[in-house]
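The structure appears right after this line, and notes come after that.
Here is the naming used below: chain letters follow the sequence lines, and residue numbers restart at 1 for every chain.
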2 protein chains.
Amino acid sequence: MRVLKFAILGLLEQDKMTGYDIAAAFKGALGQFWSAKHSQIYPELKKLVVEELIAFETVIQGEKLEKKLYSLTAKGTAELMDWIQRVEAVNVSNKDEFMLKTYFIAAMDKQEAQQLFSNQLNSRQRKLEKLEQILTELEAEQKAPIHFSSPEFGHYLVLTRAIEREKGYIQWLERSLALME
Amino acid sequence: MRVLKFAILGLLEQDKMTGYDIAAAFKGALGQFWSAKHSQIYPELKKLVVEELIAFETVIQGEKLEKKLYSLTAKGTAELMDWIQRVEAVNVSNKDEFMLKTYFIAAMDKQEAQQLFSNQLNSRQRKLEKLEQILTELEAEQKAPIHFSSPEFGHYLVLTRAIEREKGYIQWLERSLALME
DNA sequence: AACGTCATGTAACTGGTTACATGATTTG
DNA sequence: CAAATCATGTAACCAGTTACATGACGTT
């Protein structure tokens with residue numbers, strides 16, 4: 001389906017950027033729901049240039065470091081807009097190795113299971129704290145309450161979804177641990 | 001990481017089964033968190049036989065249909081037990097194309113966004129209904145309340161997680177729609 | 001001068017999907 | 001007897017990760 005293609009087009013619609021910047025964007029809140037390594041990004045950028053969906057200008061940073069600033073072409077914008085409105089089927093399998101282990105809980109003894117779940121609970125709680133901190137910072141930067149036309153609305157929605165997802169996971173882990181006594 | 005390998009070992013630990021049965025297992029609740037197509041399963045089974053983690057006996061179904069019933073070897077059981085206790089880092093990026101679109105909501109107009117969200121809300125609600133129906137059936141089969149030693153405990157935990165995950169997603173969609181007025 | 005970050009690329013491999021291909025069995 | 005399901009396999013391709021490789025820039 002080439003989703004990375006659209007991830008790149010979407011990022012470039014927001015701003016001109018380099019391949020490195022795109023990789024950096026995947027390290028933020030967006031990365032909770034989509035990401036790619038630079039080794040996948042650079043070849044994809046070359047492909048998109050050939051397809052004329054993006055173009056680049058070479059910029060000199062400092063003395064001689066060349067970097068490529070990519071931007072959307074009209075054709076690229078059109079393809080992005082087409083994809084963004086497209087209704088896709090909800091993907092069934094969101095792979096989660098911990099849930100796979102959970103399915104096989106009958107192969108564990110009670111202590112093992114409790115340790116595994118406690119451990120997961122701990123990791124998830126630490127992850128939640130980090131996400132909540134990012135939200136606090138995002139809200140602090142905002143003057144007015146966030147609404148549809150705020151430039152940070154997309155970022156805000158994705159962050160709140162990531163946070164609620166972790167909270168849901170944590171609650172389920174706690175309830176499951178309680179079920180094991 | 002060869003997670004499919006462990007998915008297969010885990011399923012075979014529960015019962016002897018064919019490649020077809022394994023594919024069928026991925027269509028149930030387990031498939032919400034892990035799955036594979038038969039075209040990936042059959043070569044993996046062959047590989048696991050070579051590695052001596054599983055073995056098979058050929059069974060004749062009806063007149064002449066040969067099917068291969070796979071089962072765990074002692075070595076396979078040992079590897080499964082090793083994996084099941086192993087603590088892995090929480091995977092960051094759980095890919096979700098809808099959330100990627102959400103991140104780019106600034107590229108949509110309000111009506112477009114509302115339609116996309118309403119649509120997703122609808123799909124998720126239908127999915128939730130199906131999952132809740134499966135849970136109802138599972139609970140009906142149970143005589144005593146489900147607890148750690150119930151043979152269906154793993155199935156139950158995975159199902160409840162899938163249900164709560166959908167509920168969380170739905171709530172977020174509703175709250176997001178409300179934020180758009 | 002050393003270290004961390006910015007910046008770009010390729011090669012080899014692994015994981016996963018789509019499509020091709022075949023045939024037996026069961027159920028309506 | 002037709003259609004759905006059971007059952008097994010391969011080939012080609014696409015997506016994604018790990019490792020290899022290089023070098024400039026900014027800060028301490």
Side-chain angles (χ1 to χ4, degrees), chain A residues 1-8 11 15-28 30-31 33-51 54 56-70 88-89 91-97 100, chain B residues 1-8 11 15-28 30-31 33-51 54 56-70 88-89 91-97 100:
Chain A
M1 252 169 281
R2 289 188 69 195
V3 182
L4 175 59
K5 164 180 154 176
F6 298 107
I8 290 174
L11 286 168
D15 209 349
K16 285 181 180 187
M17 56 180 93
T18 66
Y20 188 89
D21 295 331
I22 290 166
F26 289 135
K27 284 176 186 161
L30 174 59
F33 300 102
W34 205 273
S35 73
K37 307 286 164 74
H38 78 273
S39 55
Q40 201 188 354
I41 294 166
Y42 289 116
E44 187 65 33
L45 284 168
K46 289 200 160 178
K47 216 171 166 185
L48 293 172
V49 170
V50 171
E51 294 169 331
I54 65 175
F56 68 91
E57 39 172 332
T58 305
V59 172
I60 307 290
Q61 186 86 341
E63 280 294 282
K64 50 180 163 174
L65 177 64
E66 290 189 353
K67 60 179 189 180
K68 291 174 181 171
L69 262 186
Y70 290 90
E88 251 122 349
N91 57 319
V92 181
S93 170
N94 223 312
K95 295 195 169 182
D96 183 330
E97 197 173 342
L100 181 63
Chain B
M1 255 166 280
R2 288 188 68 196
V3 181
L4 176 59
K5 164 180 153 176
F6 297 106
I8 291 174
L11 285 168
D15 208 350
K16 286 182 178 185
M17 57 180 93
T18 65
Y20 188 88
D21 295 331
I22 290 167
F26 288 136
K27 284 175 186 165
L30 174 59
F33 300 101
W34 206 272
S35 73
K37 306 286 163 77
H38 78 274
S39 55
Q40 202 187 354
I41 294 166
Y42 290 116
E44 187 65 34
L45 285 168
K46 290 201 161 177
K47 215 171 167 184
L48 293 172
V49 170
V50 172
E51 293 169 334
I54 64 176
F56 68 90
E57 38 171 333
T58 304
V59 172
I60 306 289
Q61 185 85 342
E63 280 294 283
K64 50 181 165 175
L65 178 64
E66 289 190 354
K67 60 179 189 180
K68 292 175 180 169
L69 261 186
Y70 290 90
E88 251 122 348
N91 56 319
V92 180
S93 170
N94 222 311
K95 296 196 169 184
D96 183 330
E97 196 172 343
L100 180 62

If I take atom [atom1] in residue [X] and atom [atom2] in nucleotide [N], what distance separates them, rounded to the nearest angstrom?
| X | N | atom1 | atom2 | result |
| --- | --- | --- | --- | --- |
| B/M1 | D/dG16 | CE | C1' | 11 Å |
| A/I8 | D/dA15 | CD1 | P | 12 Å |
| B/I60 | D/dC6 | CD1 | C1' | 14 Å |
| A/Y20 | C/dA7 | OH | P | 7 Å |
| B/E97 | D/dG16 | CD | P | 11 Å |
| A/K37 | C/dT14 | NZ | C1' | 13 Å |
| A/H38 | C/dG9 | NE2 | P | 10 Å |
| B/K5 | C/dG16 | NZ | C1' | 18 Å |

[options]: which one has an atom nearest the side-chain heavy atoms of [X]?
| X | options | value |
| --- | --- | --- |
| B/K67 | D/dG16, D/dA7, D/dT10 | D/dA7 |
| A/K95 | C/dC6, D/dT8, C/dG16 | C/dG16 |
| B/W34 | D/dG16, C/dG16, C/dA7 | C/dG16 |
| A/Y42 | C/dG9, D/dC25, D/dA7 | C/dG9 |
| B/D21 | C/dC6, C/dA24, D/dA7 | D/dA7 |
| B/Q40 | C/dG9, D/dG9, C/dT17 | C/dT17 |

Respond yes when some side-chain nitrogen or oxygen of [X] is under 4.0 Å from OP1 or OP2 of [N], and no when none is.
| X | N | result |
| --- | --- | --- |
| B/K46 | D/dT8 | no |
| B/T18 | D/dC6 | no |
| B/K68 | D/dG9 | yes |
| A/Q61 | C/dA7 | yes |

What heavy-atom pair brings [X] and [Y] nearest, and what distance separates the two atoms?
| X | Y | answer |
| --- | --- | --- |
| B/A36 | B/I41 | O-CD1, 3.6 Å |
| A/Y70 | A/V49 | CE2-CG2, 3.7 Å |
| B/W34 | A/D96 | CE3-N, 3.9 Å |
| A/A25 | A/L30 | O-CB, 3.9 Å |

(message) Taking the basic N atoms (NZ, or NE/NH1/NH2) and the acidic carboxylate oxygens, is any pair closer than 4.0 Å for A/E57 and A/K16?
(response)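 Yes, charged N to carboxylate O under 4.0 Å.
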(request) Can you spot which of B/V59, B/I60, B/D21 makes a side chain to side chain contact (heavy atoms under 4.5 Å, CB included) with B/K67? (result)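 Per the side chain to side chain contact (heavy atoms under 4.5 Å, CB included) rule, the option paired with B/K67 is B/V59, out of B/V59, B/I60, B/D21.
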(request) Classify the side chain of A/S39 and the base of D/dT18 as holding, or not holding, a donor-acceptor pair under 3.5 Å. (result)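 Looking at the base of D/dT18, it does pair with a donor or acceptor on the side chain of A/S39 (distance under 3.5 Å).
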(request) Give a yes or no on this: more than 12 heavy atoms of other residues, nucleotides or ligands lie within 6.0 Å of atom CD of A/E51. (result)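 Correct, the count exceeds 12.
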(request) Count the heavy atoms belonging to other residues, nucleotides or ligands that lie under 6.0 Å from CD of A/E66, then report whether that count exceeds 12. (result)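 No.
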(request) With DNA chain D as reference, determine whether A/V3 or B/G19 sits nearer its 5' end, using the nearest nucleotide of each. (result)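 That would be B/G19.
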(message) On DNA chain D, compare the nucleotides closest to A/K64 and A/K47; which residue's is nearer the 5' end?
(response)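 Per heavy-atom nearest nucleotide, the more 5' residue is A/K47.
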(message) Rounding to 10°, can you tell me the angle the first-five-pair axis of the helix from C/dA1-D/dT28 to C/dG28-D/dC1 makes with its last-five-pair axis?
(response)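 Rounded value for the end-axis angle: 40°.
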